[in-house]
Trainee: 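Right, I'll just put the structure down here and ask away after.
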Amino acid sequence: MNPYQAPLKDMQFLLEDVFEANKTWQSLPDVAEMVDSDTALAILDEASKISRDLIHPLNRSGDEQGVSHQDDKVITPDGFKDVYQQFADGGWVGLCGDPELGGMGMPKMLGILVDEMGYSACNSFTLYGSLTAGAALCINAHASEELKNTYLPNLYSGQWAGAMDMTEPQSGSDLRTIRTKAVPQDDGSYAISGTKIFITGGDHDLTENVVHLVLAKLPNSKGISLFLVPKVQVNDDGSLGEPNGVTVGSIEHKMGLKASATCVMNYDNAKGFLVGKPNRGLVCMFTMMNYERLAIGIQGLGSAQAAYQMATDYAKERMQGLAAGGSPTGADSDPIIVHGDVRRMLLSIRAMTEAGRALSVFTGKQLDLAKFAADDVKAKASRYVGLMTPVAKAFLTDRGLESTILAQQVFGGHGYIRETGIEQLVRDTRIAQIYEGTNGIQAIDFLGRKVTGDNLATLTEFVADVTEDIALLGSADADKQAVLSRFNAILSTASYINDNKTSQPALINACAVDFLDAFGYALYGYYWLLMADKSANHEDKQFAEQKAFVARFYLDKLLAKTDYHLSQVDQGDAAIMAMPADMF
């Protein structure tokens with residue numbers, strides 16, 4: 001199979017033509033001094049080379065070898081440590097980090113595309129840097145100046161790694177029942193004791209220290225607080241000191257992501273430091289959680305892109321059967337890409353993946369505006385970040401898994417054997433729907449908090465923006481109306497839910513997934529109108545033709561899925577909630 005190639009032309013198109021990144025960056029003084037269009041393209045080009053030449057070669061061997069737990073040490077597969085060192089030395093771990101503390105200060109619009117390349121090349125490897133970046137973001141937002149100065153430079157440089165420690169054996173998404181304790185000490189620190197499970201990157205040999213962000217409870221408190229707990233204590237001069245009572249109980253044996261260390265972590269009077277205010281730990285942790293939710297959405301997107309490349313290459317080479325109506329070349333068999341069903345699968349993957357990339361870049365743009373813009377622009381972008389984050393996590397990973405399965409189907413019998421590599425993508429992507437909050441939880445957050453939580457104000461505002469944008473496009477009126485009618489139907493359905501959420505308390509929980517999916521398919525219709533319009537005058541005529549073909553496929557074949565999912569919401573919760581629990 002051909003090595004992974006980052007879709008640089010598509011990425012550049014989204015940045016420059018669809019979302020006008022340089023215009024946005026130049027309007028933000030803190031960003032303008034760090035990056036412009038030329039700098040961004042140079043960074044993407046270099047990231048492409050690294051993902052292809054350094055990271056992607058680790059993917060298959062890492063899956064075969066996996067991580068191991070030996071004498072209280074977690075060992076990553078061969079080659080991971082050397083490549084991680086090169087990756088860190090290049091400044092990639094701190095790409096979007098605070099430049100005053102050692103980060104590169106790049107905007108999130110750019111960072112998202114670099115993340116996609118990493119996930120396409122090797123999911124397991126990319127997770128280590130993602131957890132570190134998320135931990136650094138949380139520390140920078142909520143920790144004391146002393147903690148920031150002590151830990152952030154080494155996190156941004158990749159010399160140390162970060163991890164997020166929330167889940168316990170008895171406490172998954174509902175964290176009220178966590179048992180990990182934090183006892184105040186005379187020196188202002190806290191003694192942390194307890195056990196956490198499913199901790200991605202909880203320990204490994206890639207860095208000399210792992211900085212854990214741990215949720216725990218103070219004595220006689222029902223609230224949850226957040227603590228920074230290093231694996232190895234840090235001396236006053238910044239050097240590493242003694243082990244800190246942070247040990248690995250075991251590593252989880254997963255169906256995929258075998259080169260990503262998922263650990264059971266034990267804390268035995270480990271020295272920790274309060275991050276943020278007491279009993280406000282979840283508020284602080286959600287800074288990292290929301291970062292990781294978007295990152296995991298990008299994992300689904302990256303896997304779909306890699307799967308598309310693999311399946312397309314295979315479909316062009318695999319000779320099987322004859323084209324409908326006879327072979328155009330008179331051969332005994334044709335490549336399977338001539339067959340309608342294979343084309344349906346490949347076009348489905350491509351249409352969902354390219355629109356998914358647009359969703360990710362749009363969300364990145366809102367994150368940049370929410371961080372660097374002022375006043376009303378900042379406030380509006382913050383609302384859109386809240387609206388889009390659960391959609392990006394859930395819709396990108398659900399459609400990402402579907403795309404990898406479609407790609408596997410293109411391979412036929414060769415799709416479920418290990419040698420082709422496509423079955424690994426299916427296994428690796430499956431977990432993305434579960435961690436950082438299952439996609440059902442994302443949908444409930446979307447519908448219950450982000451849509452009806454403000455009585456549809458943000459959703460209505462967003463649909464108004466979409467309507468204004470679509471009116472300016474040169475698309476056919478029928479196509480514009482097809483998309484707009486779906487958004488209006490979504491608003492109508494959301495209004496019904498909002499009016500009846502009190503009288504039907506199970507309505508949101510029962511219908512949230514279908515509502516989020518309906519929104520996602522309508523949103524992708526909007527993005528395809530944008531991409532088809534913006535590409536019409538592209539200097540590469542073939543590129544423009546490709547966008548037109550795929551847009552037509554999406555609007556004719558996939559947009560109508562909005563209607564199906566809305567019809568399911570319209571059925572309400574009766575069929576779901578009527579049967580007594582003891583009858584299951």
Side-chain angles (χ1 to χ4, degrees), residues 72-74 131-132 134-136 138-144 146-148 150-152 154-155 160-172 174-204 207-236 240-252 261-289 292:
D72 296 327
K73 295 181 180 179
V74 176
L131 267 297
T132 301
C138 181
I139 292 167
N140 199 28
H142 302 290
S144 67
E146 181 180 2
L147 288 177
K148 285 193 274 189
T150 299
Y151 288 91
L152 285 180
N154 286 322
L155 287 170
W160 298 348
M164 177 169 54
D165 301 51
M166 299 196 304
T167 305
E168 298 182 8
Q170 80 294 338
S171 185
D174 184 356
L175 294 165
R176 293 174 299 173
T177 58
I178 64 169
R179 298 171 183 164
T180 301
K181 298 297 183 184
V183 179
Q185 304 297 295
D186 292 339
D187 63 358
S189 67
Y190 296 80
I192 311 297
S193 297
T195 296
K196 300 288 184 178
I197 63 171
F198 304 152
I199 308 305
T200 304
D203 198 23
H204 47 76
T207 60
E208 61 184 17
N209 204 0
V210 179
V211 180
H212 294 264
L213 291 178
V214 183
L215 290 179
K217 289 183 176 180
L218 295 166
N220 303 314
S221 175
K222 293 182 179 180
I224 298 172
S225 302
L226 181 62
F227 300 89
L228 186 156
V229 186
K231 173 187 172 182
V232 182
Q233 293 188 37
V234 179
N235 296 322
D236 291 341
L240 294 182
E242 298 296 319
N244 192 31
V246 180
T247 57
V248 177
S250 64
I251 55 173
E252 308 288 359
T262 304
C263 304
V264 175
M265 300 301 305
N266 295 321
Y267 300 90
D268 184 12
N269 288 318
K271 190 171 188 176
F273 306 92
L274 182 68
V275 174
K277 296 179 180 179
N279 301 319
R280 299 285 290 171
L282 282 178
V283 174
C284 299
M285 184 64 100
F286 265 91
T287 298
M288 182 176 184
M289 173 64 79
E292 300 304 336

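Positions are given from 1, in the same order as the sequence printed here.
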Trainee: Determine whether H212 and V246 satisfy the following criterion, side-chain contact (heavy atoms from CB on, under 4.5 Å), listing intermediate values before the conclusion.
Mentor: CA-CA 9 Å; H212 294 264; V246 180; 3.9 Å; yes
Trainee: What distance do S171 atom OG and K196 atom NZ have between them, rounded to the nearest 0.5 Å?
Mentor: 7.5 Å
Trainee: What pair of heavy atoms forms the shortest contact from M166 to I178, and how long is it?
Mentor: O-CG2, 4.1 Å
Trainee: Which atoms form the tightest heavy-atom contact between P278 and L218, and what is the distance?
Mentor: CB-CD1, 3.7 Å
Trainee: Between G194 and T180, which heavy-atom pair has the shortest distance, and what is it?
Mentor: CA-OG1, 3.8 Å
Trainee: Do E168 and L175 come close enough that some side-chain heavy atom pair is under 4.5 Å?
Mentor: no
Trainee: Checking the side chain of S189 only, and the main-chain atoms of F273 only, is there a donor and an acceptor separated by less than 3.5 Å?
Mentor: no
Trainee: Mind checking the CD-CD1 spacing from Q185 to I192? Nearest 0.5 Å is all I need.
Mentor: 9.0 Å
Trainee: Are any non-hydrogen side-chain atoms of T207 and T132 less than 4.5 angstrom apart?
Mentor: no
Trainee: Please walk me through it: do N154 and V234 pass side-chain contact (heavy atoms from CB on, under 4.5 Å)?
Mentor: CA-CA 11 Å; N154 286 322; V234 179; over 6 Å; no
Trainee: Evaluate the criterion side-chain contact (heavy atoms from CB on, under 4.5 Å) for residue pair T195 and M265; output intermediate values, then yes/no.
Mentor: CA-CA 6 Å; T195 296; M265 300 301 305; over 6 Å; no
Trainee: Can you confirm whether E242 sits close enough to V232 that some side-chain heavy atom of one is under 4.5 Å from a side-chain heavy atom of the other?
Mentor: no
Trainee: Hey, does the side chain of N244 reach the backbone of K271 with a donor-acceptor pair shorter than 3.5 angstrom?
Mentor: yes
Trainee: Heavy atoms, side chains only, cut-off 4.5 Å: are L215 and D165 in contact?
Mentor: no
Trainee: Below 4.5 Å, heavy atoms only, C-beta onward: do E208 and W160 meet side chain to side chain?
Mentor: yes
Trainee: Can you name the nearest heavy-atom pair linking A143 to L147, along with the distance?
Mentor: CB-CB, 3.9 Å
Trainee: Which residue in the set V275, N279, V214, L282 passes side-chain contact (heavy atoms from CB on, under 4.5 Å) when paired with S225?
Mentor: N279
Trainee: Nearest 0.5 angstrom please: M164 CE to I199 CD1, how far?
Mentor: 8.0 Å
Trainee: Would you call D203 and K231 a side-chain contact if the rule is heavy atoms closer than 4.5 Å?
Mentor: yes
Trainee: Looking at D236, I'd like to know if its CG atom is crowded, meaning that more than 12 non-hydrogen atoms belonging to other residues, nucleotides or ligands lie closer than 6.0 Å.
Mentor: no
Trainee: As an exercise, state the distance from CD1 of I139 to NZ of K148, rounded to the nearest 0.5 Å.
Mentor: 10.5 Å
Trainee: Under a 3.5 Å distance rule, please check whether T150 uses its side chain to pair with a backbone N or O of E146 as donor and acceptor.
Mentor: yes
Trainee: How close do M288 and C138 get, counting heavy atoms only, and between which atoms?
Mentor: CB-CB, 3.9 Å
Trainee: Flag the pair D268 / T247 as yes when at least one side-chain heavy-atom distance between them is below 4.5 Å, and no otherwise.
Mentor: no
Trainee: Report the C-alpha separation of L274 and F227 in whole Å, then their side-chain angles, then the decisive distance to 0.1 Å, and conclude whether the side-chain contact (heavy atoms from CB on, under 4.5 Å) test is met.
Mentor: CA-CA 5 Å; L274 182 68; F227 300 89; 3.7 Å; yes
Trainee: Within the structure provided, determine whether L213 and L228 are in side-chain contact (heavy-atom separation under 4.5 Å).
Mentor: yes
Trainee: Which pair of non-hydrogen atoms, one from A163 and one from V210, has the smallest distance, and what is that distance?
Mentor: CB-CG1, 4.2 Å
Trainee: First locate atom OG1 of T262, then atom CD1 of I251, and finally report the distance between them rounded to the nearest 0.5 Å.
Mentor: 8.5 Å
Trainee: When rounded to the nearest 0.5 angstrom, what is the spacing between NE2 in H142 and NZ in K277?
Mentor: 11.5 Å
